[in-house]
Protein chains: 2
Amino acid sequence: MNNAGIPAATDQVRRQNTALILRSLRMNGPSTRADLAKRTGLAKATVGTIIGQLDLAGAVVEDQAQASGRGRPGRPVVLTGERTIGVGLEINVDYMSAVALDLSGRERLVETRPLAAGATPEDLVSFAVALTQRLEDDGHTIVGVTAAVPGLVDRAAGIVSSAPNLHWSQVPLRDLLAARLSPGAVVSIDNDANCAALAEGSRGAAVGSPSALYLTGTVGVGAGILVEGQVLRGGSGFAGEVGHMPIGDPRVACGCGRSGCWEASIGLRAMLTAVGMAESGTPLETARAVADRAQDDASVRDGLDSLANWLGNGIAVLSNILNPSIVILGGYFVPIGTYLVPQIREIVDAKVLAAPLQETEICLSGLGIHAAATGAAEEALSVVYAGAI
Amino acid sequence: MNNAGIPAATDQVRRQNTALILRSLRMNGPSTRADLAKRTGLAKATVGTIIGQLDLAGAVVEDQAQASGRGRPGRPVVLTGERTIGVGLEINVDYMSAVALDLSGRERLVETRPLAAGATPEDLVSFAVALTQRLEDDGHTIVGVTAAVPGLVDRAAGIVSSAPNLHWSQVPLRDLLAARLSPGAVVSIDNDANCAALAEGSRGAAVGSPSALYLTGTVGVGAGILVEGQVLRGGSGFAGEVGHMPIGDPRVACGCGRSGCWEASIGLRAMLTAVGMAESGTPLETARAVADRAQDDASVRDGLDSLANWLGNGIAVLSNILNPSIVILGGYFVPIGTYLVPQIREIVDAKVLAAPLQETEICLSGLGIHAAATGAAEEALSVVYAGAI
DNA sequence: AGTATTAGTACGAGTCTTGAACTAAGTCAA
DNA sequence: TTGACTTAGTTCAAGACTCGTACTAATACT
């Protein structure tokens with residue numbers, strides 16, 4: 001077996017068409033078999049066969065027949081899969097989050113725990129074990145678990161190569177989780193910005209977008225880059241480390257030990273220096289305090305202008321390279337976003353070659369602090385929609 | 001039919017496995033049916049059936065049986081497809097090129113024509129018509145024709161949106177070509193750097209690489225970004241315009257009308273300013289003259305050091321974003337590359353966050369001035385390898 | 001000369017989808 | 001009220017494809 005590809009047989013046909021029908025139900029909601037046939041292009045007979053199978057598997061139920069005008073009333077098929085769960089986890093400096101989604105994408109559980117400094121992998125593993133045990137005791141089947149971590153994540157090897165803010169290095173997190181969780185679930189780990197981008201792609205601002213760039217804003221700044229709904233990973237999975245592009249103020253030192261990193265000019269600390277304020281709580285709380293002050297304090301607004309300039313320049317760099325349809329600002333950028341976006345918009349229009357030909361939307365994330373855990377849960381469910389289960 | 005995907009049936013299975021076998025033959029050269037079965041994971045019986053079909057279609061021939069040690073000697077199957085042709089075209093400021101590849105990737109025709117300033121789309125169309133007519137008169141079947149153009153190419157619409165160096169704007173090149181070429185060929189157009197990157201991915205330095213970045217070096221600078229062998233296109237197909245990242249010397253004006261573009265600091269003209277020399281012929285000839293002078297002139301070497309610094313900084317930016325396994329310098333960078341690469345290497349090692357974890361290879365393209373036309377020809381053939389024909 | 005090994009083909013069973021035919025369940029018009 | 005029409009859903013047989021097994025083919029080895 002070489003890397004020219006994988007052989008195909010008729011069982012792949014069934015798997016592919018099953019996944020197609022699941023995706024169609026996910027996208028369009030309850031549908032009759034006849035609707036599904038029209039939408040997917042499959043024969044009515046095929047749809048009927050596959051729905052029968054999904055019914056047996058408990059992934060769909062049939063609703064009451066509904067009058068539809070002339071002709072026999074159709075019986076809508078509803079994607080439930082209430083018992084089929086994907087679990088997303090996120091660990092960050094001062095909190096851990098978990099989100100459990102069922103097959104239709106509904107949240108079955110959302111939970112956040114504060115963390116003291118010095119979080120260990122064992123904290124996340126224990127959290128995950130307790131939570132998944134509860135779900136399983138309730139009769140759920142967990143098909144996948146994905147953990148989101150802020151840092152360089154070698155997804156293929158299942159190792160957190162480096163997460164400076166957590167003081168983690170070379171942590172085999174996937175295997176630590178897999179050893180303690182039920183054998184049936186597919187366990188994976190990913191970078192937190194990548195996961196948040198996935199959430200935007202499935203239920204946020206990037207739904208339907210061919211190409212999207214998501215920027216996390218905390219002390220550190222990272223990006224998740226979506227290409228046709230898939231994360232751009234790079235040669236070793238380390239794509240998206242935009243915070244360390246050497247395009248920031250060359251006089252400013254970065255937490256990574258270099259000077260001139262973009263992150264050192266646009267991260268939370270740089271913003272606070274620019275507006276002349278101090279931290280007050282979490283990054284989001286701090287940003288809200290800054291937004292409040294900006295309403296009456298011109299020097300704070302000046303500081304935010306300066307931040308927007310650095311931010312806009314980096315986004316122009318990224319836009320020339322990636323040509324994203326949409327740029328989404330997340331994290332601490334959201335509460336102060338109204339002071340940033342107009343200026344970013346101007347810079348992008350001025351400095352991106354393709355700007356006259358394509359309008360790049362720039363917006364603020366609406367997904368809140370559970371974005372990464374939600375995207376991780378979507379990723380944990382992706383095995384079903386890809387037809388692997 | 002919606003965008004949840006396309007339905008599958010058993011005819012797709014055959015197509016997929018046929019393409020798999022074609023790709024395996026392309027990658028591994030002449031192989032027995034038993035070898036192909038081992039490599040692809042398909043059953044011997046299936047391989048035999050598919051090869052029989054390809055034999056009938058004239059895509060393969062059987063070679064002499066060869067002794068192989070114990071057991072029955074195998075009869076190698078050779079991918080010929082001599083009569084199946086993909087044509088790649090390139091138009092640039094002072095030349096047009098064409099490359100015709102057969103199904104096994106062998107060059108069947110390579111041709112270059114000088115161009116006077118003011119090239120029109122009609123020049124390329126006439127060139128293409130004459131050339132494809134010749135191929136067809138020789139009994140060849142052209143499955144695809146792809147034209148590479150330096151500029152912003154809207155591939156989906158088949159329009160060259162903007163090619164400043166050619167003074168083209170909104171040229172419907174795909175349709176102009178399709179109207180004059182045989183109806184059987186699939187016609188497409190693409191950006192020249194994207195095409196050159198494809199050539200590197202199929203027969204150059206990026207073969208087998210999960211992620212590659214190719215930089216063209218002429219007056220303009222652009223990039224082709226490969227992700228798993230596919231070009232990264234972005235929301236409207238304009239990804240890769242790295243020359244206009246605003247990370248160059250802010251005092252220097254760029255041909256695009258802005259200041260501070262990377263291209264204005266690393267393009268041919270910037271290099272000549274830095275080394276204090278004048279153009280002498282084509283960009284490649286000029287670069288060769290610079291390389292010769294650099295051997296004994298320290299000020300030229302200083303100028304090249306300065307160029308390498310700008311280049312290295314931009315490559316560090318790109319590497320933090322994209323995490324390429326390999327960076328390939330093409331065009332005028334090649335003759336002077338030995339003066340550039342060591343310093344680029346140092347900058348990348350110093351400024352890329354993932355550098356301690358992944359070695360990014362930096363090398364010079366070996367494909368010469370036909371890189372873009374060759375990549376375009378590979379792209380023209382891709383319909384076969386994807387199983388569409 | 002017989003055995004072992006590897007290449008390649010023939011054959012029947014299994015999976016999957018499809019279109020046509022049919023049944024089911026309504027609306028509409030005479 | 002009845003029959004025609006329309007749309008939903010199921011049944012059935014045919015077609016496409018792959019597979020494993022059994023077999024034939026063609027060598028090397030003992």
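The analysis underlying the following values was restricted to heavy atoms, covering all of them including side chains, and did not include hydrogens, waters or symmetry mates. What you are looking at is a predicted structure, and each value in this text was computed from that prediction instead of being measured.
Taking 4.0 angstrom as the limit, A:T46 places a side-chain polar atom (N or O) nearer than this to OP1 or OP2 of C:dT18. Dashed line: the shortest gap from a side-chain N or O of B:R75 to OP1 or OP2 of C:dT6 is not under 4.0 Å. Between A:R14 and C:dT17 there is a side-chain N or O to OP1 or OP2 distance below 4.0 Å. Checking the phosphate oxygens (OP1, OP2) of C:dT17, a side-chain nitrogen or oxygen of A:N17 falls inside 4.0 Å. For C:dT9, the OP1/OP2 oxygens have a side-chain nitrogen or oxygen of B:R33 closer than 4.0 Å.
When distances are taken from the side chain of A:I50 to each of D:dC5, D:dG9, C:dT17, the shortest belongs to C:dT17. Taking every side-chain heavy atom of A:P73 into account, C:dG26 is the closest of D:dC12, C:dG26, C:dT17. Of all nucleotides listed (D:dG20, D:dC17, D:dT18), D:dT18 comes nearest to the side chain of A:A9.
No side-chain N or O of A:E379 forms a donor-acceptor pair with one of A:T146 less than 3.5 Å apart.
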Problem set entry | Step-by-step side chain to side chain contact (heavy atoms under 4.5 Å, CB included) determination, B:E136 to B:L181 | CA-CA 11 Å; B:E136 277 161 353; B:L181 300 174; over 6 Å; no
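Place B:D11 and A:A34 on DNA chain D by their nearest nucleotides, and A:A34 ends up nearer the 5' end. Residue whose closest nucleotide on DNA chain C sits further toward the 5' end, between A:T10 and A:R70: A:T10.
Once rounded to the nearest 0.5 Å, the distance linking CG of A:L89 with CD1 of A:I189 reads 11.5 Å.
Side-chain to base pairing of A:R72 with C:dA25: no donor and acceptor N or O lie closer than 3.5 Å to each other.
Look at A:E62 and A:R33 and you find a salt bridge, because one of the NZ, NE, NH1 or NH2 atoms lies within 4.0 Å of a carboxylate O, short of that distance.
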